[in-house]
Amino acid sequence: MSGSAGGSPFRARAGAGAAPQACAAGPPSDRRVDRVLVSAEQIAARVPVLAHEIAAALGPSPRDPVLLAVMTGALIFAADLIRHLPVPLRIALATVTSYPGTATSSQGARLKGELPPDLAGRDVLLVDDILDSGRTLGLLQREILARAPASLRTVVLLRKHAARSLPIVCEHVGFDIPDEFVVGYGLDYDGYYRNLPAVHAMVPATS
Ligand code: IMP
Ligand code: MG
């Protein structure tokens, strides 16, 4: 480490002479991680099956396919899925926010930044972690279809058993789960728990 007498990057960021800043407090304490809903073993067995289904649906001559992963929740699922897809494809990212901070119900989907400019005439595979209200995928599907792709298929790891506000077409679903807030394998609560290998229910800390 160079450049600061104390050696701590946190102190260095506070600036010369400033009081040291407290580190982030960690996960919120109002909820806790509870039972496993989908185990790491179940996910590991299901992902190659989904990839096989997708490859079969794309057929022997896919049209310059692009896998569009919805950040940040689909990061881990997409990374695993891609490695089982025997298809030459390109990867693109879309960022949508709908559950800011500690919200546990959709606050309305909003696209951050731009979609890739070159979706026209290509097979697009939209990958997300979970289908809940349908706002996120509804927004993305509208935006993608407006760019005239050759085809659009949507894959989600999880689909909540909920009355959706939008009728969403989703060709490939990993697991149907109950209508509970979940974390792990990419899904977060206030940014935490994405690195848990299984999908867990998140419950009030008092329960
Ligand atoms: P929708 O727009 O309500 O369908 O929600 C989809 C997005 O909200 C997903 O891409 C997730 O990022 C997030 N989300 C929905 N349900 C959960 C959950 O139970 N845990 C964590 N994130 C969720
Ligand atoms: Mg998401």
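Everything numeric here is computed off the predicted structure, so don't read it as measured data. Order of listing sets the numbers, starting from 1, for every ligand and every atom in it. In this chain, numbering begins with 1 at the start of the sequence shown.
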Of the backbone atoms (N, CA, C, O) and the side-chain heavy atoms from C-beta on, which set of [X] has a member under 4.0 Å from an atom of ligand 1: side chain, backbone, both, or neither?
{"X": "D129", "answer": "side chain"}
{"X": "I130", "answer": "both"}
{"X": "D132", "answer": "both"}

Heavy-atom contacts with [X] under 4.0 Å: which atoms of ligand 1 show up? List them by number with element.
{"X": "D188", "result": "21 (C)"}
{"X": "T136", "result": "1 (P), 2 (O), 5 (O), 6 (C), 7 (C)"}
{"X": "S133", "result": "1 (P), 2 (O), 3 (O), 4 (O)"}
{"X": "E180", "result": "19 (O)"}
{"X": "K160", "result": "16 (N), 17 (C), 18 (C), 19 (O)"}

Side chain or backbone, does L137 bring an N or O within less than 3.5 Å of an N or O on ligand 1?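 So ligand 1 has no N or O lying under 3.5 Å from an N or O of L137.
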Please confirm whether V183 comes within less than 3.5 Å of ligand 1 when only nitrogen or oxygen atoms on both sides are compared.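 So ligand 1 has no N or O lying under 3.5 Å from an N or O of V183.
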Candidates D129, D128, D132, D176 - the one meeting salt bridge (charged side-chain N to carboxylate O under 4.0 Å, His left out) with R159: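 Result: among D129, D128, D132, D176, D176 is the only option passing the salt bridge (charged side-chain N to carboxylate O under 4.0 Å, His left out) with R159.
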Look at atom 4 (O) of ligand 1 and find which of A109, A74, G134 reaches it with the closest heavy atom.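 Nearest option to atom 4 (O) of ligand 1, by heavy atoms: G134.
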Taking T97's backbone N and O only, do any of them form a donor-acceptor pair with R110's side chain (distance below 3.5 Å, no angle check)?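 It does not hold such a pair.
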Sub-4.0 Å heavy-atom approach of V182 to ligand 1: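 Contact present.
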What orientation do F77 and Y185 show, parallel under 30°, tilted 30 to 60°, or perpendicular over 60°?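 Aromatic pair F77/Y185 classed tilted.
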R153/D123 under salt bridge (charged side-chain N to carboxylate O under 4.0 Å, His left out): CA gap, chis, key distance, verdict: CA-CA 8 Å; R153 310 191 70 78; D123 290 322; over 6 Å; no
Quick one: list whatever passes side chain to side chain donor-acceptor pair (under 3.5 Å) with T95, sequence neighbours left out.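 T95 satisfies side chain to side chain donor-acceptor pair (under 3.5 Å) with no residue once adjacent residues are dropped.
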Non-neighbouring partners of R142 that pass salt bridge (charged side-chain N to carboxylate O under 4.0 Å, His left out), sequence neighbours left out: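 Scan of R142 (salt bridge (charged side-chain N to carboxylate O under 4.0 Å, His left out), adjacent residues dropped) gives none.
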Salt bridge between D118 and R147, side-chain N to carboxylate O under 4.0 Å?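 Looking at R147 together with D118, the answer is no, because their closest N to O distance does not fall below 4.0 Å.
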Between Q42 and R46, is there a side-chain heavy-atom distance shorter than 4.5 Å?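 Side chain of R46 against side chain of Q42, heavy atoms only: no contact under 4.5 Å found.
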